[in-house]
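Below, chain A is the first sequence line, B the second, and so on; all start at residue 1.
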Amino acid sequence: MNRRPTFLITMLGFGFAFFYVPILSMVVYSFNASRLATVWGGFSTKWYVSLFSNKQVIEALTLSLKIALVSATLATILGTLAGIALVRFTKFRGRTLFSGLVTAPLIMPEVITGVSSLIFFLLLANWIGWPAQRGFTTITLAHITFSMVFVTTIVQARLLQSDRAIEEAAMDLGSRPWQVLWDITLPVISPAILSGWLLAFTISLDDVVITSFTTGPGSTTLPLLIWSKVKLGVTPDINALATLMVLVVGLGVVIAGIAMNRAEARRMADERLAYRAQG
Amino acid sequence: MAEFLQIEGVSKSFGPFQAVRNVSLSVAKGEIFSLLGGSGCGKTTLLRMLAGFEEPSAGRILIEGRDMAGVPPWARPVHMMFQSYALFPHMTVEANIGYGLKHEPLSVAQRKDRVREMLDLVQLTPMATRKPHQISGGQRQRVALARALARQPKLLLLDEPLAALDKKLREHTQFELMEIQERIGVTFVVVTHDQEEAMTLSDRIAVMDKGQVQQVGSPTEIYEYPVNRFVASFIGAITSFEAEVTARAPGTLTLHVPAFGQEVTTREADFAPGAKVTLALRPEKLVISKTRPPGNAVQGVVKDLAYFGKDSLYRITLASGALVQAHAVNQARGVAMVADWDDQVWLSFDPSAAIVLGG
């Protein structure tokens, strides 16, 4: 009886170590005073200082954020609509094909998506002269196409869970379908839409493969910058940059977790109140 | 003047499956009309066609003489109370009730008044600002009712209105529902699988099976004069026996019942001698006694009995091996029951108490 927990705990320890030791060593070495990434030379925060005075890094970060904001927002709108169409309109022509096409990018290798996006943009430029240059627009468009799928999947799952009758009830009370969508469906699935947006935002923010195919001269996103810098050798300022990203993402996760716990606690308190009112 | 709600030869099929077959019904204004049947009998599909969520494959639905074909749910003078209540989870009780009113030409003050009136009607004023998950099941049911009534529909459809409530609350709510209906005079069409609920609530009941209406009538008619075996066995407990008509005279019918090994007389029914019929007996119509009474009587042995306080249920085995259920009211206090386990008893019944059905 005692063996199994020990075994499980050991495996759990290995799992966590596998995930977090690399990140931890990166964080530690970002405070390294030495120029060499692998030799400890005492504590220092100078790489953080140099990071914020590096114009290249700041520009790449701004571009990444811009692309992530725009692509996540558009992907959320399109993805939500696709999700609603797939769940609520069960009988339209070519539904199976549509649902297959929507989810295909999930399993498509990123390289393929990247190459095909590139070829498409080149052909388009040939035919209609647009996009004349690759950069912000082409990256954003490519990001929308593959992050939209994630939003669709999340929204679809949420809609399948929700009670169809509440939409019928709204219709029964005099609302036309578009009004029902606005008054009932969207508010009810808003948590799913929000988490879809967050997911699309993160996916866009850290994408390397598709971005590198669809980018053009002068448009370097943060992941691309890190990638190109690492090719010349890992320098401590990369460690510092990555540590900051981990910090931001970690904070986001913690805040979302706290908010969710609070909401859960409130819901449970409400339910207790309801039962007391009943009894 | 035509009836308030007229259903004319309505059928509905989903692919090869026929959910509703050629149903014709008419409902009068102000009536509580129940569609009663087991699951899959087509009652809910019929209700959804009244609400406009499904279009009939054939037939017509008329409300106050107006054909409802092609009229979408949002344009019908019909509101529905859903089985799951379908309250809007992101809105307060107030907002739920007021939701339909935004489609009415009312001023803000009038709308508020109407919501207050509705809250008052279902006694939920103190809960006005709560969300649906902050109130109890019984309260949710009342919010759903208030919301459906707020726009003053001509016809209210109720899909299993009490199914989600526990037994105690159900009885209370049932009377509340009837009281509210009486006060506002809206026509109710109720779908239910619970025969007790249908019996107490309704003015008239349509018993449905396999997409067809088996019988329409008042609760008494349906209970006392079922037209076929399905209705007889679906409403209340009943024991049925195969029988053959041996003689028909004015006022009486004589049947030979193989399970009794003898003949019994019943009221006259439209069967010729030689016809195969079913004799159906309700437990409470049977009298148990130790000595043979005059008239229809058959002997048996008490196999099982259950004491409920106000009455007892007996299961009696006849000489032929057939099992009969009989109810006896315990009228005197502390007195031993009419019969005990393994007692030899006589079961008797009045000729008018027996139900004779074809087939």
Side-chain angles (χ1 to χ4, degrees), chain A residues 80 84 87-92 95 155 157-195 259-279, chain B residues 44 47-48 50-54 72-91 93 95-104 124 126-127 130-141 143-144 147-151 153 155-157 159 165-166 168-169:
Chain A
T80 304
I84 292 173
V87 176
R88 288 300 181 241
F89 303 94
T90 47
K91 277 187 291 198
F92 63 89
R95 185 183 179 281
V155 166
R158 179 70 190 82
L159 271 177
L160 283 173
Q161 272 176 23
S162 80
D163 186 5
R164 179 78 225 259
I166 63 169
E167 288 169 13
E168 288 183 340
M171 228 185 272
D172 185 64
L173 289 165
S175 292
R176 282 151 196 281
W178 62 266
Q179 232 164 352
V180 176
L181 179 73
W182 189 252
D183 288 349
I184 310 297
T185 317
L186 289 178
V188 167
I189 61 170
S190 60
I193 295 176
L194 183 67
S195 55
M260 256 155 65
N261 275 342
R262 283 238 178 107
E264 180 71 4
R266 194 168 345 118
R267 198 179 59 78
M268 272 161 71
D270 285 346
E271 264 168 20
R272 270 199 299 278
L273 199 71
Y275 283 119
R276 212 170 304 140
Q278 185 178 23
Chain B
T44 302
L47 196 76
R48 290 176 62 80
L50 294 180
F53 296 127
E54 311 281 354
W74 54 86
R76 295 194 179 200
V78 172
H79 289 324
M80 180 154 163
M81 198 180 120
F82 288 78
Q83 183 175 6
S84 60
Y85 307 147
L87 299 180
F88 308 132
H90 57 295
M91 295 184 190
V93 166
N96 262 284
I97 295 174
Y99 182 78
L101 294 178
K102 65 177 194 176
H103 303 292
E104 300 266 299
L124 279 176
M127 302 290 168
R130 296 236 188 137
K131 293 266 183 77
H133 66 270
Q134 295 169 311
I135 58 177
S136 71
Q139 291 166 342
R140 270 176 228 167
Q141 194 257 5
V143 176
R147 186 180 68 179
L149 288 174
R151 286 187 76 193
L155 175 63
L156 187 71
L157 309 173
D159 188 5
L165 305 176
D166 60 56
K168 214 178 106 193
L169 201 58

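- Neither the backbone nor the side chain of Arg76(B) comes within contact range of chain A, judged by heavy atoms closer than 4.5 Å.
- Highest contact tally toward chain B, considering only Glu168(A), Arg176(A), Met171(A), is held by Glu168(A) [criterion: heavy-atom pairs under 4.5 Å].
- Within 6.0 Å of the CZ atom in Arg88(A), the count of heavy atoms belonging to other residues, nucleotides or ligands exceeds 12.
- Side-chain contact between Tyr99(B) and Asp183(A): present, with at least one pair of heavy atoms (C-beta onward) separated by less than 4.5 Å.
- Chain A forms the most heavy-atom pairs under 4.5 Å with one residue out of Pro153(B), Pro126(B), Gly100(B), and that residue is Gly100(B).
- Proximity to chain A (any heavy atom under 4.5 Å) is shown, for Met81(B), by neither the backbone nor the side chain.
- Counting heavy-atom pairs under 4.5 Å between each of Arg147(B), Gln83(B), Met91(B) and chain A puts Arg147(B) at the top.
- With a 4.5 angstrom heavy-atom cutoff, Leu101(B) does not touch chain A via any of its atoms.
- Contact of the Ile184(A) side chain with the His90(B) side chain is registered, since non-hydrogen atoms from C-beta on lie closer than 4.5 Å.
- Considering all non-hydrogen atoms of both residues, Ser84(B) and Asp163(A) come closest at OG-OD2, 2.9 Å.
- For Asp172(A), the parts lying near chain B are the backbone and the side chain together; criterion is any non-hydrogen pair under 4.5 Å.
- Neither the backbone nor the side chain of Lys131(B) has a heavy atom closer than 4.5 Å to any heavy atom of chain A.
- Closest of all the heavy-atom pairs between Phe88(B) and Ile166(A) is CE2-O, 3.2 Å.
- No other option in Ala170(A), Pro187(A), Ser175(A), Ser190(A) has as many heavy-atom pairs under 4.5 Å with chain B as Ser175(A).
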